[in-house]
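Working notes for the structure below.
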Amino acid sequence: MRAIYENEVKGKGELASAFLEEKTIILFGDSAPDTLKDYCYSIDVKDASAAIEAGQVLEIDGKEYKIVLVGDVVQKNLEALGHISIRFTGEIDGLPGTIVVEDSEVPVLNIGSRIRILS
């Protein structure tokens, strides 16, 4: 598998772990609105080298999670704003800006955590 997207957590809002009970993490680039910054993990805005699709693998700090759903605006939001939600529920439904991966424990993200999408 090759990486089609790579990034690194560069900041963490004070309330970024607020959605852990919902098995969700939120990523956002530097343009996050003030009302959301505290709830997000901050990343740089970067393009993917290919389409992000179900069946690929999300890798966080070396641990792999199978992607089961990619919302309609994930690619656009990620590349324009660095903004997506990642849900670790395995549910085959989600908001347009959400990647859903297999049901699993939510990883602990820290500054420096590496995020990759593998195809």
For K12 and L109, work out which heavy atoms get closest and say how close. NZ-O, 3.9 Å
What's the separation between atom CD1 in I26 and atom SG in C40, rounded to the nearest 0.5 Å? 5.5 Å
What's the spacing between L15 CG and S17 OG if we round to 0.5 Å? 7.5 Å
Side chain to side chain, I60 and F88, heavy atoms closer than 4.5 Å: yes
If you look at every heavy atom in K66 and G55, which pair is closest and at what distance? CE-CA, 4.2 Å
One pair to check against side chain to side chain contact (heavy atoms under 4.5 Å, CB included): I117 and I67. What are the steps and the verdict? CA-CA 9 Å; I117 296 174; I67 297 172; 4.1 Å; yes
Do you know which two heavy atoms are closest between A3 and S49, and how far apart they sit? O-OG, 4.1 Å
Note, F28 side chain near P33 side chain (heavy atom, < 4.5 Å): yes
N/O donor-acceptor pair under 3.5 Å between E102 side chain and V68 backbone: no
Less than 4.0 Å between a side-chain N and a carboxylate O, is that true for R114 and E6? yes
Under 3.5 Å: donor-acceptor pair, side chain of T89, backbone of R87: no
Before giving the answer on side chain to side chain contact (heavy atoms under 4.5 Å, CB included), spell out for V57 and R116 the whole-Å C-alpha distance, their side-chain angles and the decisive distance to 0.1 Å. CA-CA 8 Å; V57 172; R116 300 188 327 150; over 6 Å; no
Find the distance between CD1 (I86) and CG (L58) and round it off to the nearest 0.5 Å. 5.0 Å
Under the side chain to side chain contact (heavy atoms under 4.5 Å, CB included) criterion, do L69 and D93 qualify, and how do the steps go? CA-CA 7 Å; L69 180 125; D93 64 351; 5.6 Å; no
Closest non-hydrogen atoms of V9 and N110, given as atom of the first, atom of the second and distance, are CB-O, 3.4 Å
Short question: side chain of Q56, backbone of E53 - any donor-acceptor pair under 3.5 Å? yes
Give me the atom names and distance for the closest heavy-atom approach of S31 to L81. OG-CD2, 4.0 Å
Are any non-hydrogen side-chain atoms of Y65 and P107 less than 4.5 angstrom apart? yes
N7 side-chain N/O to D44 backbone N/O, donor-acceptor pair under 3.5 Å: yes
Nearest heavy atoms of V45 and E79, plus distance in Å: CG1-O, 3.0 Å
Check the pair I25, L20 against side chain to side chain contact (heavy atoms under 4.5 Å, CB included), reporting the backbone distance first and the verdict last. CA-CA 7 Å; I25 58 175; L20 292 182; 4.2 Å; yes
Measuring from atom CD of E8 to atom CD1 of I43, what distance do you get when rounded to the nearest 0.5 angstrom? 11.0 Å
If you count the non-hydrogen atoms of other residues, nucleotides and ligands that lie under 6.0 Å from NZ in K76, is the total more than 12? no
Is Q75 reaching over with its side chain to a backbone N or O of A50, donor-acceptor style, under 3.5 angstrom? yes
Find out if a path of hydrophobic residues (ILVMFWY) with successive side-chain heavy-atom gaps under 4.5 Å connects V74 to V100. no
Rounded to the nearest 0.5 Å, what separates atom CD1 in I4 from atom CG in D47? 11.5 Å
Using 0.5 Å steps for rounding, measure from the OG atom of S42 to the CG atom of L27. 9.5 Å
